[in-house]
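Lettering of chains follows the sequences in order, A, B, ..., and the numbering in each one begins at 1.
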There are 4 protein chains.
Amino acid sequence: MCQNVCDSGESTDNIKEWDRKHDSSVKRDIILDAAEQVFSDKDYHEAVLDEVADVAGVSKATLYLYFKNKIDLFLSVAERKLCELNEVILKSTADCSDPVATIKRLITDELTFFSDNAAFFKVIHDQRFNLQLRAQVNEDEIRERVMPLMFSKINVTAEVIKLGQENGVFQAVNPKEAAFMLTSLVHTCLLLLNLAPEDVVLTDKAELVEKIFLEGLLMRKT
Amino acid sequence: MCQNVCDSGESTDNIKEWDRKHDSSVKRDIILDAAEQVFSDKDYHEAVLDEVADVAGVSKATLYLYFKNKIDLFLSVAERKLCELNEVILKSTADCSDPVATIKRLITDELTFFSDNAAFFKVIHDQRFNLQLRAQVNEDEIRERVMPLMFSKINVTAEVIKLGQENGVFQAVNPKEAAFMLTSLVHTCLLLLNLAPEDVVLTDKAELVEKIFLEGLLMRKT
Amino acid sequence: MCQNVCDSGESTDNIKEWDRKHDSSVKRDIILDAAEQVFSDKDYHEAVLDEVADVAGVSKATLYLYFKNKIDLFLSVAERKLCELNEVILKSTADCSDPVATIKRLITDELTFFSDNAAFFKVIHDQRFNLQLRAQVNEDEIRERVMPLMFSKINVTAEVIKLGQENGVFQAVNPKEAAFMLTSLVHTCLLLLNLAPEDVVLTDKAELVEKIFLEGLLMRKT
Amino acid sequence: MCQNVCDSGESTDNIKEWDRKHDSSVKRDIILDAAEQVFSDKDYHEAVLDEVADVAGVSKATLYLYFKNKIDLFLSVAERKLCELNEVILKSTADCSDPVATIKRLITDELTFFSDNAAFFKVIHDQRFNLQLRAQVNEDEIRERVMPLMFSKINVTAEVIKLGQENGVFQAVNPKEAAFMLTSLVHTCLLLLNLAPEDVVLTDKAELVEKIFLEGLLMRKT
DNA sequence: CATGAATGAGACTTCATTCAT
DNA sequence: CATGAATGAAGTCTCATTCAT
């Protein structure tokens, strides 16, 4: 189906399909790169295909050889990005013998990833972007193509939390909801970075999220 | 009462145009109402002025008598809404003798307000919308018009947190950053409500935010 | 509804609506005229709205103030033309005391009308054009907007034939089918005119149709 | 047998390219078949070469190895079809000892042929299609390629009529014009069949044309 | 001979904005 | 103050045609 569905694992050998469609895929990726750049610069509606074509160095008509639509192009970019994110997350949580350490690793890695891809993720912040485009296209297509990818990330995080709860380390809250909260906090860090970008360091912010999310604002009685 | 720029914060002197516009401001409000409705239904670019005019019951040209632009109209709606929010926040924090209780009140009231205005706030989620429109207009205009209003809210919250810290109740974190985090968590609640809207109650979610934000995920040793 | 539905009678006083929408209707008619000209010059798909706008002396966007679509514009032109035709037919058959004379009058008048509007009617020859556009739009819209107008003409002719049959003047054939045949023969005359346009006279062709349709090819025994 | 330009008329020498193309002509025919199918389904402009290539099972570029143009392809299909028709007509009129019987045979055979090929002939109804496409290509090319084929059919019919006139069986009308009329009536039958396709039989319609064309609408005095 | 890939040209449609009345 | 009418500019998408391989 979707030709860039992530492998969700450690698989590195994507040289398997190098024979038949190798340079067709190359062009497709060039376009995806260009689109990612343009969609990162502008709102979905402000991004124009002319610019994507320009950046990709192809004709506008060529875009339609590889993607059905503008929205299809956008969703393809989003899919690719979310797959990358999921891989990061999976790698972070591969070893969850220590739930607290895992959560900390998760926060750092996710924050790093978001920070690296901040421009693009402004658009599809959390699950919200399915609302943003609702009037534009068949809502189902969006829902079916990206929601699973988003939930994949949430579910992985929720699993770690559940594990911690079973170990008696974490409080009894709905794990999935807590996972959402965590993602949200990480996103907020990006905002903080944007607002005062001169001197702040990424790790500082990671610590803030850790502190709030793990310990809360209230003073702990020793 | 303030006309469309709230006086609830630092800025006080916006009574300058009180004289001339006077009665025409009623029509201005009608248009704002219509615009709010339309902008709540659709994305900024999907919302069309034709519909705003229709809903307001005026001609499209009339919109330009009261607002410079489409973006001006949008920002005016946002301003008005944020003013309302600031008033809510101020009321919530009027008495902050007990910081913990105040934070709880703040969470509940903000959540209620967001919930009541969910449709509109999906568009200007957090402080992010200044990024979304950056290509469209002079970024400075947006920054200058809405950022102060957003920070007003953040600052009020931060004050409460600072107070709590001085009282030895709250941990030592950057109060402003913590305030951002709180807002973010409240927004996330809206998402949770949207994702499973059948049975969930608002207050349940408020409790979740309280728990996470105040106590954190880690088990407290008794 | 459709604002140029024919009055189907002798009504000449269309000054009734001269107050409110008088110059709006004027512009609409200008566009219709331009469209008729362009659609007469070219196939539906070859006719481009740019040219219609040019000929009408308005902007392309203006077309969309008065017509929903390209197809709507085309159908509006067709409706107007068919209404004119129906009026001609009705006038021709107003007095049908003598069926033979009426048929002859009908042939002459219809032929004259087609001849005057030959360019446009090339496209919607007979009932056939509903097939030509079938893939383009909601077939129902076409069917509902123009079929009645086409059948109106056929029915009137069929009535005359039925009358002649009742008087014992005409043979026993299906009147409606015969009416179709007559229309077809009249159209064929246009072809003949086109093929050898130098010296032929309209009335000669009318006589041919009369002869064939009324008397047939076979010699009559005296 | 002739390859794609029929020899059934005046033109005889089209065997010039018989040598080189030889076996490639089988693919050429495959393409023609595909094109006929697609052009029968849709309007000339709605038919797209992509689909022709698909149906033919060849690449779109291959079409251009066998045909100069889209219009060339279309005209080639039309030529082939008209050649078939001409053969039918010639067979029908091979024996014209009895003009009346011959005309009847002609009507039946032509009607059958049109009925079998109704889909395609909707497009090039009568001789009219040379008008439909005039803006598209050099009008002369169309005129020169298909008009002779059309006239071939007309001429054959006209010969039969002339013969009948010489035998004193038919009235004195222009034979060629009468032949046109006849063709037109046959086409009209197809329309009638389309309009009420449930119960009608082809032969019934043939009788109607016979009656009208041969005897006319007027009652014959015995 | 065959084709996958690419594209230029152009069509329809939309919408924020202006202006004469 | 209000608006009906008009439009320039722009955007998405299509398709016949070409060309290197």
Side-chain angles (χ1 to χ4, degrees), chain A residues 20-21 23-24 26-28 31 45-53 56-73 136, chain B residues 21 23-24 27-28 45-53 56-74 136, chain C residues 20-21 23-24 26-28 31 45-53 56-73 136, chain D residues 20-21 23-24 27-28 45-53 56-73 136:
Chain A
R20 219 194 42 236
K21 59 176 178 172
D23 88 334
S24 146
V26 161
K27 178 73 59 85
R28 193 187 140 95
I31 293 174
H45 290 95
E46 278 152 11
V48 296
L49 295 185
D50 263 303
E51 193 177 346
V52 175
V58 299
S59 150
K60 213 180 353 174
T62 301
L63 304 182
Y64 287 86
L65 290 181
Y66 295 90
F67 302 94
K68 203 178 59 194
N69 265 345
K70 183 184 184 183
I71 187 70
D72 179 38
L73 176 55
Q136 179 71 8
Chain B
K21 288 205 191 170
D23 70 320
S24 69
K27 181 164 294 183
R28 190 186 146 95
H45 289 95
E46 280 154 8
V48 293
L49 294 187
D50 267 296
E51 194 178 345
V52 174
V58 301
S59 146
K60 202 171 23 161
T62 302
L63 304 182
Y64 286 84
L65 293 179
Y66 294 90
F67 303 93
K68 202 177 58 193
N69 263 344
K70 185 184 184 183
I71 189 68
D72 179 36
L73 176 56
F74 177 78
Q136 179 73 8
Chain C
R20 220 194 43 237
K21 60 175 175 171
D23 88 334
S24 147
V26 160
K27 177 73 58 86
R28 194 187 139 96
I31 293 175
H45 289 95
E46 280 153 8
V48 296
L49 294 186
D50 263 303
E51 192 178 345
V52 174
V58 300
S59 149
K60 212 177 0 171
T62 301
L63 304 182
Y64 287 85
L65 290 182
Y66 295 90
F67 302 93
K68 202 178 57 193
N69 264 344
K70 184 184 184 183
I71 188 68
D72 180 37
L73 176 55
Q136 179 71 10
Chain D
R20 225 196 36 243
K21 289 205 188 168
D23 68 320
S24 69
K27 181 164 293 184
R28 191 188 144 94
H45 289 95
E46 280 154 7
V48 293
L49 294 187
D50 268 298
E51 194 179 345
V52 174
V58 300
S59 147
K60 204 173 20 164
T62 302
L63 303 182
Y64 286 83
L65 294 179
Y66 295 90
F67 302 93
K68 203 177 59 193
N69 264 343
K70 185 184 185 184
I71 189 70
D72 179 37
L73 176 55
Q136 178 75 6

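Nearest heavy-atom pair, C:Asp72 versus C:Phe67, reported as atom, atom and distance to 0.1 Å: OD2-CA, 3.5 Å. The nearest pair of heavy atoms linking D:Ser59 to D:Ala53 is C-CB, 3.9 Å. Contact detail for A:Val52 and A:Ile31: the closest heavy-atom pair is CG1-O, 4.4 Å.
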Secondary structure string for DNA chain E (Watson-Crick or G-U under 3.5 angstrom, | for other-strand pairs) = .||||||||||||||||||||

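Rounding to whole angstrom units, OH of residue A:Tyr66 and P of E:dG4 are separated by 12 Å. Remark: P of E:dA6 and CG of A:Leu63 are 11 Å apart, rounded to the nearest angstrom. Whole-Å rounding puts the B:Asp72 CG to E:dT17 C1' distance at 14 Å. Protein atom CZ of B:Arg28 is 16 Å distant from nucleotide atom C1' of F:dC1, rounded to whole Å. As rounded to whole Å, 16 Å separates atom C1' of E:dA16 from atom CZ of B:Phe74. In this entry the distance linking CZ of C:Phe67 with P of E:dC12 reads 15 Å, nearest Å.
Among residues two or more places apart in sequence or in another chain, the side-chain contact (heavy atoms from CB on, under 4.5 Å) test is passed with D:Asp50 by D:Val48, D:Lys60.
Within the 4.5 Å cutoff, the side chain of D:Leu49 has heavy atoms near those of the D:Leu73 side chain.
To the nearest 0.5 Å, the span separating CD on B:Glu46 from CD on B:Glu51 amounts to 11.0 Å.
When atom types are taken as modelled, the side chain of D:Lys27 and the backbone of D:Tyr66 share no donor-acceptor pair closer than 3.5 angstrom.
Under 4.0 angstrom from either OP1 or OP2 of E:dT7 there lies at least one side-chain N or O belonging to A:Thr62.
Among the nucleotides E:dA2, F:dA6, E:dA6, the one closest to the side chain of A:Leu65 is E:dA6.
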Would you mind building the protein contact string for nucleotides 10-15 of chain F? One character per nucleotide, 5' to 3', B for base within reach (heavy atoms under 4.0 Å), S for sugar-phosphate only, - for untouched.
-> -SBBBB

